[in-house]
Amino acid sequence: MAVTLAQAINQALHDAMTEDERVLVFGEDVGKLGGVFRVTDKLQETFSEARCFDTPLAESGIIGTAIGLAMYGYRPVPEMQFDGFTYPAFEQIVSHLAKMPNRSRGTVKLPVTIRIPYGGGIGAVEHHSESPEAYWAHTQGLKVFTPGTPDDAYSMMRAAIAMDDPVIFLEPKRRYWMKSETELPVQTEAPHRAVVRREGTDVSVFCYGPMVRTAMEAAEAAADEGWSLEVVDLRSLNPLDTPTIVASVQRTGRAVVVHEAAQTLGMGAEIAARIQERAFYSLEAPVLRATGYDTPYPPAKLEEFWLPDVDRILDLVERTLAY
Amino acid sequence: MAVTLAQAINQALHDAMTEDERVLVFGEDVGKLGGVFRVTDKLQETFSEARCFDTPLAESGIIGTAIGLAMYGYRPVPEMQFDGFTYPAFEQIVSHLAKMPNRSRGTVKLPVTIRIPYGGGIGAVEHHSESPEAYWAHTQGLKVFTPGTPDDAYSMMRAAIAMDDPVIFLEPKRRYWMKSETELPVQTEAPHRAVVRREGTDVSVFCYGPMVRTAMEAAEAAADEGWSLEVVDLRSLNPLDTPTIVASVQRTGRAVVVHEAAQTLGMGAEIAARIQERAFYSLEAPVLRATGYDTPYPPAKLEEFWLPDVDRILDLVERTLAY
Amino acid sequence: DGQAQAAPVRPLAKPPVRKLAKDLGVDLADIAPGSGPEGVITREDVHAAASGGQGAQATAAATQTPASAPAPTAGV
Amino acid sequence: MADAAIDPRELLPPDEPVHLLDPDGTYHEDPEHPIDLDDAGLRELYRLMLVTRKVDREAINLQRQGQLGVYASCMGQEAAQVGSAYALGEEDWIFPSYRELGAALVRQCDAAGLLHLYRGTWLSDHDPYKHHFALMSIPIGTQALHATGFAMGARLDGNPIVTMTYYGDGGTSEGDPHEAMTFAGVMKSPVIFFVQNNQYAISVPLDKQTAAPTLAHKAVGYGLPGRRCDGNDVLATYAVTRKAVERARSGEGPTFIEALTYRMEAHTTSDDPSRYRTQTELDEAAKTDPIVRMRNFLQQRDLYDAELEQAVEDQAKEVASYVRAGIYDAPHGDPMELFEHVY
Amino acid sequence: MADAAIDPRELLPPDEPVHLLDPDGTYHEDPEHPIDLDDAGLRELYRLMLVTRKVDREAINLQRQGQLGVYASCMGQEAAQVGSAYALGEEDWIFPSYRELGAALVRQCDAAGLLHLYRGTWLSDHDPYKHHFALMSIPIGTQALHATGFAMGARLDGNPIVTMTYYGDGGTSEGDPHEAMTFAGVMKSPVIFFVQNNQYAISVPLDKQTAAPTLAHKAVGYGLPGRRCDGNDVLATYAVTRKAVERARSGEGPTFIEALTYRMEAHTTSDDPSRYRTQTELDEAAKTDPIVRMRNFLQQRDLYDAELEQAVEDQAKEVASYVRAGIYDAPHGDPMELFEHVY
Ligand SMILES: Cc1ncc(C[n+]2csc(CCOP(=O)(O)OP(=O)(O)O)c2C)c(N)n1
Ligand SMILES: Cc1ncc(C[n+]2csc(CCOP(=O)(O)OP(=O)(O)O)c2C)c(N)n1
Ligand SMILES: [Mg+2]
Ligand SMILES: [Mg+2]
Ligand SMILES: [Mg+2]
């Protein structure tokens, strides 16, 4: 059956709420409206306003109360309406959500899963196309997951809700309507594992979220050029699955990292740093990064020039093969 | 004359306020008290409460009004009392301060310099010893400067205030009492340049802020082992002085990056990524990182085990030389 | 992760050695494994190959464990 | 703490919002809120509201035709915006959110320029300094701090200008406007907090947003007067804002104004309001249409005639055409410009 | 929006803060605030305040001796904390800031454990679930949201407990408590916002913090009742909080309480208050000492005798010694523990 990535998340929330009455879903417009992308559609209808509810317009309030609810014993799944609107909650996320379990020596568990639609390529106005994952991945104490397929969206959401750690769950909004033939429920690999989506021998392409499909398209196009790309879907940005990353580069000797976020201190920086440290002798060429430029996110009409695409990936593949 | 780093900043603020009546200094306890570290001591007395004033306890308010003051035509120098308390202002910093000049195609200039005492090693309680520089350096549109010496503290502060760009000015609080024989005013290198503090031939050690002194101490100790370390004080974290970094590694062939912040996605990640990209064929060993661990900042009594120190730097120097 | 791979392991060498090999027209695959730890190819190996000698052991096995990088001490 | 001479009760909003015009156009004089406009001024308010309505409709059409990515309509809120913006002087500044087309037109901003934000040609396309109209602010409520800081600057500079910031009922829940009002109260900054209570924040109705008796009741907690007005009554919004402007300009400090209105259109063109509100409610709200009301008033005053109607329609069409011409198939800019203005 | 049946004026604080005990111990009965404590309870309040004072002094001494890195004294605020905390039930929860030693002792927390935070042995050293006393929160005001969320959880769970959060006059300026009160008001969460107005936020005096007529005037803007009490009068703080507890427990929602008090010591041991306040002011404040006041009251009631004094002094010494023993030269923990509890 054809399931979109958004539907997969909707189903995951539904199933999680069914199996565990402690799961709550809340945020701006998630209840009655079912979410601006309909990802929480019908949850209020099914589970009542007590368990799926609209909050006042206040992100710090949403996350701070989620922390209190988690301390009480609930499993909150709050939503931040868009990536660019998470920042008012930065204090609560970084100073408390990420640190309270550590601060309390494990006594306080905060099984909060923050859902955040992220990434660009949807022709939106400002603040609706950000890729803030590096802020979260740099914050010790947060798990950061991001599915690139409908199956993973379902499975990783179920896993995130079930775990006792705080999770930042980044949903690639441009892929919300991406379809997949699948039967839900489905269980894919454990969320902290990277998965080789396509095996290859010439260059390892590391990607996640919205860029998984782009990287797969690049691999198809690369085959026409006689290049065999290995596409690795990272899935977990914190912790990174370093063994899988390193093993891939040890096989291919070359690596290109792809992400929408600006290059400087984006995920590619950490991945490149780890690869060169742990697969030093295997590297035929430097790790290159096909990323957003070091500028603020562009206006909608210039998005296509700014976002990494198949051409930019192939360009770097070619550069890396030239070494 | 002996001048501490804190006194150098105080003098820089004083001189900037004298030379340009548009410069304002404000924040929590900076006026009457002169700041919790006395860095703004006597400024209110000298320049009146109109120009150096205490604000309500509200970080987003401090930065948001700084933006408004800058739009009006002032040169605001707001203070965030401690690194760990900057996060309530994250939205204003990331969504507006960093982006408004770009959003307005340069029409709106925001000559705001945010002063933030940062870093650990002072036996403080939680949230007073953070190293959040990577959050700022990943945010396109912000300049991020951090002096490691009193002379640089003076000179870079003057430069930061004078420039039309928003600047995050990170003051290494454990070095506030570090003395230097100097005459103020002093002009050191342009703030976006990295400076070689000590020339060497075996390993390039990249550091900034509080770790500059630690790295210099490590270089002294290394000399006893027969190792010649080149110590590069980065000074600017955004933009990074890539040419100086690369030139150093091309000379030595080996690099160790030192910072207090956690390793994953700290400044070391970007530096390693750039070095391996641009000095690939010069690398005799991978770039290694002597950094804080991937945990939240430790309690005061365990700080010494967690912070990078001379031993940890030398340990990595030795490792890198083993390649 | 020291899992043995079924596929042949790539020649191991630090970047300056790779450059040297290119400059001297030496194919690292021909001289792998090198005389360095865990089969890493050294400068000497390359120079030896370039001058026609055999500075390294001939490849004996089709597969071998890739050199594992020293465990990091900084960071978790 | 507050000036002990001010009785806190005076900071509370009166029980009744200021209301000067009935829907049928009947004018009720209020000595506390005299109207200092001449006939030309009254007509001007009407004209500005109608032009706003038309340009707003044009923008919706352009979005439906794929010329704008999205658009946030201000239909129904024309009186709230036009009346209040009209009460400012030329040197005064507005710090809008993203819905203030009406206020922008009062300030003579280039509407096509504003709409380029919605087209995505650039992130914004106007010079704030030209008409003293700050860039549109999408993150809810954040502009209240910019308005406050700017006002702090003006006061420090001895410059008798006033700033006014617009945000919505949803915006009152965010921390930033709270902090802005705190700063403004302590520093007696010449800033006006103008909240358009259009009853919704996307799909969230007012009673899920706050339990405040009225939004204007928030003001007393900052030492500010909180005032309410019928936001669909352009004379009321004008008069209440004039008072606030005079108060701020004379150095007495900020005012918080709640304008009761209704968002006639969807939240944006991407929204489907049928999922959370009824047609009945919409029909009821239509009965309080601010433009009809003002027309009725002008007619009662014999200030309305076919000539005026024609002139206003023509002008509205002209602006709408201008906007259409500026937006339709407008090319994107030079991608290389992305790298400028970063530092 | 608010329940139309509630007159907003009832949400405003009465002109006079609740005051039951004069400094000389004279008790003024207030039918609105009956004291439901027996003699043992009255003595207990006194005992708890004195123990707090002594342990607080011990902590200061320990800091001076280098055994604590820093310490934030609550001297002068004992009545505000003890009276309010005493009004809670055992199942109720407290969400403190970093200054609530008095509240912690009422809840029977291990004072040595709390002080380990200030020593830096770990980032905190108590189990919140043991005494329903959340971890100390250093980022100002952030705990108000945790208290609100916890209360939301309790209400959802049909659990009739109440939460109470403490923060200061400075804290009222932050966005988080604003958002907390908004959520709490809409959701009628059983949470009490207890603000100790000790007149300062480090060096910033109240009149630079806000222009609010009183801090309790903020509450009406959220649909909450705002109540004031003499924070140095333990019977007043107790009684006002009891009312708030009953209100919350019965499902009627939150209350905002402003306790007027004074920070007798420095902000923390790192602070030098002579730079921003006068000895005269301090001397005046000392005249309203909450412990002396309660002792006077007990004496007037013939509830105070040498035996009680001795018992209380002994107990205070015992706790102080216990704390000293637990802190003095306490070893640091295992550095390897730093890597646990990260995920
Ligand atoms: C900080 C932030 N969070 C969420 C959003 C998404 N958003 C855009 S408009 C809106 C509703 C705003 O409601 P209101 O303040 O009442 O203004 P209105 O649109 O009704 O005029 C929301 C939630 C945003 N723009 N900024
Ligand atoms: C978000 C944040 N900003 C700044 C600080 C630094 N700081 C610690 S206590 C304090 C003053 C708090 O004043 P108040 O809220 O009145 O509480 P009090 O200490 O007087 O009890 C400040 C500014 C902090 N802890 N958190
Ligand atoms: Mg609204
Ligand atoms: Mg905030
Ligand atoms: Mg205080």
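A, B, ... follow the sequence lines: proteins, then strands. Residue 1 opens every chain. Computed from a prediction, not measured in an experiment: that's the story for all the values here.
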Under 4.5 Å from any heavy atom of chain B, what part of E:Val204 do you find: side chain, backbone, both or neither?
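When you check distances to chain B, atoms from both the backbone and side chain of E:Val204 fall under 4.5 Å.
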Using heavy-atom distances under 4.5 Å, tell me whether E:Asp271 contacts chain B through its side chain, its backbone, both, or neither.
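Only the side chain of E:Asp271 comes within 4.5 Å of chain B.
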Looking only at heavy atoms, what is the nearest atom pair of [X] and [Y], with distance?
| X | Y | answer |
| --- | --- | --- |
| E:Leu338 | B:Pro299 | CD2-CD, 3.7 Å |
| B:Leu33 | E:Ser203 | CB-OG, 3.5 Å |
| E:Glu174 | B:Pro88 | OE1-CB, 4.4 Å |
| B:Leu302 | E:His332 | CD2-ND1, 3.6 Å |

Which one, B:Tyr297, B:Phe85, B:Tyr87, leads in non-hydrogen pairs under 4.5 Å with chain E?
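That would be B:Phe85.
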How far apart are the C-alpha atoms of B:Leu57 and E:Thr172, what are their side-chain angles, what is the distance that settles it, and do they pass the side-chain contact (heavy atoms from CB on, under 4.5 Å) test?
CA-CA 8 Å; B:Leu57 212 174; E:Thr172 65; over 6 Å; no
Out of curiosity, [X] [atom1] to [Y] [atom2], how far, rounded to the nearest 0.5 Å?
| X | Y | atom1 | atom2 | result |
| --- | --- | --- | --- | --- |
| E:Arg275 | B:Lys32 | CZ | NZ | 10.5 Å |
| B:Glu28 | E:Ser173 | CD | OG | 9.0 Å |
| E:Trp122 | B:Glu126 | CH2 | CD | 10.5 Å |
| B:Glu59 | E:Ile140 | CD | CD1 | 8.5 Å |
| B:Thr295 | E:His341 | OG1 | NE2 | 11.0 Å |

Heavy atoms only, distances under 4.5 angstrom: which of E:Thr121, E:Asp176, E:Thr142, E:Asp169 has the most pairs with chain B? Name it, please.
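Result: the option with the highest number of such pairs is E:Thr121.
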Do you know which of E:Gly170, E:Gly171, E:Pro273 has the most heavy-atom pairs under 4.5 Å to chain B?
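It is E:Gly170.
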Close side-chain approach of [X] and [Y], heavy atoms under 4.5 Å:
| X | Y | value |
| --- | --- | --- |
| B:Gln81 | E:Ile202 | yes |
| B:Glu49 | E:Lys208 | yes |
| B:Pro296 | E:Val342 | yes |
| B:His128 | E:Ile138 | yes |

Starting from the C-alpha separation in whole Å, work towards a yes-or-no answer on side-chain contact (heavy atoms from CB on, under 4.5 Å) for E:Asp272 and B:Arg38.
CA-CA 11 Å; E:Asp272 173 13; B:Arg38 307 293 183 262; 3.9 Å; yes
Check this for me: B:Glu21, atom CD, are more than 12 non-hydrogen atoms of other residues, nucleotides or ligands nearer than 6.0 Å?
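Open: at most 12 neighbouring heavy atoms sit under 6.0 Å from CD of B:Glu21.
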